[in-house]
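These notes concern the structure reproduced below.
Fair warning: this is a prediction, and the values are worked out from it, not measured in the lab.
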Amino acid sequence: MSYNKELLLIDGRTEPWFEDFTIPGSINIPFTHIKRVKEYEFEFEHALEVFGVKVKEKEYDFEEAKTLAIFCNASWCTQSPDMIYALIDIGYPPEKLKWYRGGMQAWLGAGMTTTKDAR
C-alpha cells in the first residue's frame, strides 16, 4: 500500500458499520458528524482538523485541505453524497472531493480485502 499525505480514504458510514468491517487504510468520519454540525459540533471540528482545514475567526481556510476519497455502503446509499454536499456547503473545494460510488458493496463484490472477513 502506498501512502499519500495529501489524500485521505474516508469511510463515511456510521461507527457500527465501520467497526464491523471496512476498507484497509480508511478512517471513519461518519457522515452525521459533517451533516449535523449542531448535534456533533466537537466531532465536526475534529474532522475538519483531520481534513487539514484551519478555522480562523469562524472562517474556514481550505489552503491545506486534503483530497478526500469518500465511500459508504453502495451506490444506493446516500451517506457519502450527504457528506460531500455538506462539505461543499461550507466551502470545501469540490475538486478535492472524490466519491467511491460503489462503496463497500462493490469492494466486497470484487473480492477485495477488508479489515475483517465480511463474507
Side-chain angles (χ1 to χ4, degrees):
M1 177 189 331
S2 65
Y3 176 76
N4 180 338
K5 65 181 182 175
E6 301 301 319
L7 175 68
L8 294 174
L9 179 59
I10 305 295
D11 184 337
R13 302 175 303 154
T14 56
E15 291 175 21
W17 286 97
F18 177 80
E19 290 170 4
D20 194 24
F21 60 87
T22 192
I23 297 172
S26 67
I27 61 172
N28 185 225
I29 305 286
F31 80 103
T32 52
H33 294 181
I34 305 301
K35 186 176 179 183
R36 300 181 194 154
V37 177
K38 291 179 183 174
E39 189 177 342
Y40 294 100
E41 186 174 349
F42 174 78
E43 292 86 349
F44 174 75
E45 290 174 6
H46 174 71
L48 291 182
E49 184 179 316
V50 170
F51 297 165
V53 177
K54 305 242 188 298
V55 181
K56 298 177 183 175
E57 299 177 18
K58 300 200 180 208
E59 295 287 322
Y60 302 117
D61 177 0
F62 297 99
E63 188 173 322
E64 296 179 28
K66 299 177 189 299
T67 297
L68 309 178
I70 304 169
F71 69 92
C72 53
N73 289 306
S75 59
W76 47 262
C77 183
T78 64
Q79 295 176 54
S80 295
D82 285 349
M83 179 184 279
I84 290 168
Y85 291 135
L87 287 167
I88 289 171
D89 284 347
I90 66 163
Y92 211 98
E95 67 274 9
K96 291 189 172 202
L97 296 170
K98 311 300 179 197
W99 179 29
Y100 176 44
R101 184 176 181 167
M104 288 306 304
Q105 184 178 43
W107 189 264
L108 293 170
M112 303 299 285
T113 303
T114 65
T115 54
K116 291 185 186 171
D117 185 8
R119 291 181 182 88

Of the non-hydrogen atoms in [X] and [Y], which two are nearest, and what is the gap between them?
X	Y	result
P30	T14	CB-CA, 4.1 Å
F21	T115	CA-OG1, 3.5 Å
Y60	I90	CD1-O, 3.5 Å
G103	F71	CA-CB, 4.2 Å
Y40	T32	CD1-O, 3.4 Å
F18	I27	CE1-C, 4.1 Å

Group every Ile, Leu, Val, Met, Phe, Trp and Tyr by side-chain heavy-atom contacts under 4.5 Å, then state whether [X] and [Y] land in the same group.
X	Y	result
F31	I88	yes
Y100	M83	no
L9	I29	no
L108	I10	no
F44	Y85	no

Expected output: side-chain [X] to main-chain [Y] donor-acceptor under 3.5 Å:
X	Y	value
S80	C72	yes
K66	V50	no
W107	T113	yes
K56	D61	no

Name all residues meeting the side-chain contact (heavy atoms from CB on, under 4.5 Å) criterion together with N73; count only those two or more places apart in sequence or in a different chain, and write none if there are none.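 For N73, the residues satisfying side-chain contact (heavy atoms from CB on, under 4.5 Å) (neighbours in sequence not counted) are R13, W17, W76, C77, Q79.
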
Tell me whether E19 at atom CD has more than 12 heavy atoms from other residues, nucleotides or ligands lying less than 6.0 Å away.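 More than 12 heavy atoms, drawn from other residues, nucleotides or ligands, come within 6.0 Å of this atom.
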
May I ask you to check whether over 12 heavy atoms, not counting those of E59, lie within 6.0 Å of atom CD?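 Result for CD/E59: open.
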
Just jot down the side-chain hydrogen bond (donor to acceptor under 3.5 Å, both in side chains) partners of N28, sequence neighbours excluded, or say none.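 N28 satisfies side-chain hydrogen bond (donor to acceptor under 3.5 Å, both in side chains) with no other residue.
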
So K54 and E64, do their side chains get closer than 4.5 Å, heavy atoms only?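 SC-SC contact between E64 and K54 confirmed.
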
Heavy-atom side-chain contact between M104 and I23 under 4.5 Å: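 Side chain of M104 against side chain of I23, heavy atoms only: contact under 4.5 Å found.
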
Distance, nearest 0.5 Å, that separates CD1 of I34 from CZ of F51: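 Those atoms lie 4.5 Å apart.
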
Can you check side chain to side chain contact (heavy atoms under 4.5 Å, CB included) on K98 and T67, steps first, answer last? CA-CA 7 Å; K98 311 300 179 197; T67 297; 4.0 Å; yes

Does the side chain to side chain contact (heavy atoms under 4.5 Å, CB included) test come out yes or no for E43 and R36, once each step is laid out? CA-CA 10 Å; E43 292 86 349; R36 300 181 194 154; over 6 Å; no

